[in-house]
Amino acid sequence: MTTLVLAAHGSRDPRFGVTARRVADAVRIALPGVTVELAYLDLTAPLLTDVLGSVPGEVVVVPLLFGDGYHSKVDLPALIDAAHAANPAATIVQTPVVGRYSPVPALVERLSEAGAGPRDGVLMLAVGSSDAGSDASVIGRGRELSAALGRPVRTLFATRLGSDGAAVRETVDALLADGADRVAVSPLFLSAGLLTDRVERYLDAMDVPMVVAGPVADHPCLVDAVARLYTAAAVVVAS
């Protein structure tokens, strides 16, 4: 059986590792009989290079990333190439990012769980990228979320907040101008962490009425995306 390696970004925030392990556990339940390993690109152990060096046979790497940018197009392929160089007999296939499949059902459900209502303006929070195509796909998800909710959604890239959080203020002002009574934060993130906390601190300083939804985490639509990506790639590896 082909081993599935989940490749998460990694973080200095311990909440990230806890959430990533929950995702891995949920994937194991969804794919009985498949060996599922969890690895990180940076900052958190075990690192992907170490895991790939210890897993025998055929491997499918599924990136737990929502944007298809530098990490998926440059960092991850380089790590896989290094693993190939160390073990030329290894068969390692990288799938598209989990963001290939829409996370919007998870965002809708997390907002509902947080108590967001029809008078709330939604601020969808995501990681920005140097890759314009990746940013465009994230903005497209914001439009999908707006359509699903039937109310305005503004996308804010947490890596580009501007001086003293100017981008946060601009986004909040736009939501209020759209007629929102309150701001509902919808994190397109695997886990809560330093970036989401930073945005919340800016919002707190603005004294804006708000509600904050949970991250995507181990939502069934994410687990289903992993299973679909793995299954398609495993067929190719085995052929």
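Every heavy atom of this structure was used, including side-chain atoms; hydrogens, water molecules and symmetry mates were not.
- Residues Val223 and Asp218 share a closest heavy-atom pair of CG2-O, 3.9 Å.
- Side-chain contact between Leu190 and Leu222: present, with at least one pair of heavy atoms (C-beta onward) separated by less than 4.5 Å.
- Note: the hydrophobic cluster containing Met206 also contains Val212 (ILVMFWY, side chain heavy atoms under 4.5 Å, direct or indirect links).
- Of the possible donor and acceptor atoms, none in the side chain of Thr19 sits under 3.5 Å from a partner among the backbone N and O of Ser191.
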Pair Arg21, Asp25 - check salt bridge (charged side-chain N to carboxylate O under 4.0 Å, His left out), show working. CA-CA 6 Å; Arg21 288 191 293 273; Asp25 288 342; over 6 Å; no
Pair up each side-chain donor or acceptor in residues 96-106 with any protein partner under 3.5 Å, not counting sequence neighbours, and list the distances.
| from | atom 1 | to | atom 2 | distance (Å) |
| --- | --- | --- | --- | --- |
| Ser102 | OG | Val104 | N | 3.2 |
| Ser102 | OG | Glu144 | OE1 | 3.0 |

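- A donor-acceptor pair is defined here as one N or O able to donate and one able to accept, closer than 3.5 Å; such a pair exists between the side chain of His84 and the backbone of Ala90.
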Passes side-chain contact (heavy atoms from CB on, under 4.5 Å), Tyr40 versus Leu48? Steps please. CA-CA 5 Å; Tyr40 301 90; Leu48 180 65; over 6 Å; no
Let me see the working for Val59 and Val93 under side-chain contact (heavy atoms from CB on, under 4.5 Å), right down to the final yes or no. CA-CA 6 Å; Val59 177; Val93 174; over 6 Å; no
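- By the rule that hydrophobic residues join a cluster once side-chain heavy atoms approach within less than 4.5 Å of another member, Leu38 and Leu31 end up as members of one cluster.
- One finds the CG atom of Leu79 at 9.5 Å from the CD atom of Gln94 (value rounded to the nearest 0.5 Å).
- Other residues, nucleotides and ligands contribute more than 12 heavy atoms inside 6.0 Å of the CG atom of Asp204.
- When atom types are taken as modelled, the side chain of Arg110 and the backbone of Pro215 share a donor-acceptor pair closer than 3.5 angstrom.
- Residues Leu156 and Met124 have side chains not in contact (no heavy-atom distance under 4.5 Å, counting atoms from C-beta outward).
- The hydrophobic clustering, which links ILVMFWY residues whose side-chain heavy atoms are closer than 4.5 Å, places Leu175 and Val199 together.
- Side-chain contact between Leu125 and Phe189: present, with at least one pair of heavy atoms (C-beta onward) separated by less than 4.5 Å.
- From Arg198, atom CZ reaches atom CG of Leu203 across 12.0 Å, with rounding to the nearest 0.5 Å.
- At distances below 3.5 Å, not a single donor-acceptor pair connects side-chain atoms of Arg154 with backbone N or O atoms of Asp173.
- Nearest heavy atoms, Ala114 versus Ala213: CB-CA, 3.8 Å.
- In this structure, Arg143 and Val153 have side chains that are not in contact, with every pair of non-hydrogen atoms separated by 4.5 Å or more.
- Formation of a donor-acceptor pair under 3.5 Å by the Thr231 side chain with backbone atoms of Arg228 is not found in this model.
- In this structure the side chain of Arg15 reaches within 4.5 angstrom of the side chain of Asp197, judged on heavy atoms.
- Although no hydrogens or angles enter the test, the distance criterion places no donor-acceptor pair under 3.5 Å between the side chain of Asp120 and the main chain of Val122.
- To the nearest 0.5 Å, atom CD1 of residue Ile92 and atom CD of residue Glu58 are 11.0 Å apart.
- With Arg151 contributing its side chain and Gly117 its backbone, the two residues share a donor-acceptor pair below 3.5 Å.
- Criterion: ILVMFWY side-chain heavy atoms under 4.5 Å apart, direct or through other members. Under it, Val226 and Val61 are not part of a common hydrophobic cluster.
- Ser134 places no side-chain N or O within donor-acceptor distance of the main-chain N or O of Asp131, the cut-off being under 3.5 Å.
- Two residues are said to be in side-chain contact when any heavy atoms from C-beta on lie closer than 4.5 Å; Thr3 and Glu37 meet this criterion.
- What you find for Phe66 and Leu188 is that their closest heavy atoms are CD1-O, 3.7 Å.
- Of the possible donor and acceptor atoms, none in the side chain of Glu200 sits under 3.5 Å from a partner among the backbone N and O of Val185.
- The hydrophobic cluster containing Met210 also contains Leu195, counting ILVMFWY residues as joined when their side-chain heavy atoms lie under 4.5 angstrom apart, directly or transitively.
- The structure places OG of Ser130 at 8.5 Å from NE2 of His71, a figure rounded to the nearest 0.5 Å.
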Do Arg160 and Asp135 pass the side-chain contact (heavy atoms from CB on, under 4.5 Å) test, and can you show the C-alpha distance, the side-chain angles, and the key distance before you say yes or no? CA-CA 12 Å; Arg160 296 199 291 270; Asp135 279 359; 2.6 Å; yes
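- Across Pro187 and Leu107, no two heavy atoms sit closer than the pair O-CD2, 3.7 Å.
- With a 4.5 Å cut-off on side-chain heavy atoms, Tyr230 and Thr95 do not count as touching.
- Counting heavy atoms from C-beta on, the side chains of Leu4 and Val62 come closer than 4.5 Å.
- Nearest heavy atoms, Ala85 versus Pro88: O-CD, 3.9 Å.
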Can you check side-chain contact (heavy atoms from CB on, under 4.5 Å) on Val127 and Phe157, steps first, answer last? CA-CA 5 Å; Val127 176; Phe157 292 109; over 6 Å; no
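- Between the OG1 atom in Thr155 and the CZ atom in Arg141 there is a gap of 11.5 Å [rounded to 0.5 Å].
- For the atom pair CZ (Phe16) and OG1 (Thr44), the distance works out to 6.5 Å, reported to the nearest 0.5 Å.
- Residues Gly128 and Thr159 share a closest heavy-atom pair of N-OG1, 3.0 Å.
- The backbone N or O of Ala167 sits less than 3.5 Å from a side-chain atom of Thr171, completing a donor-acceptor pair.
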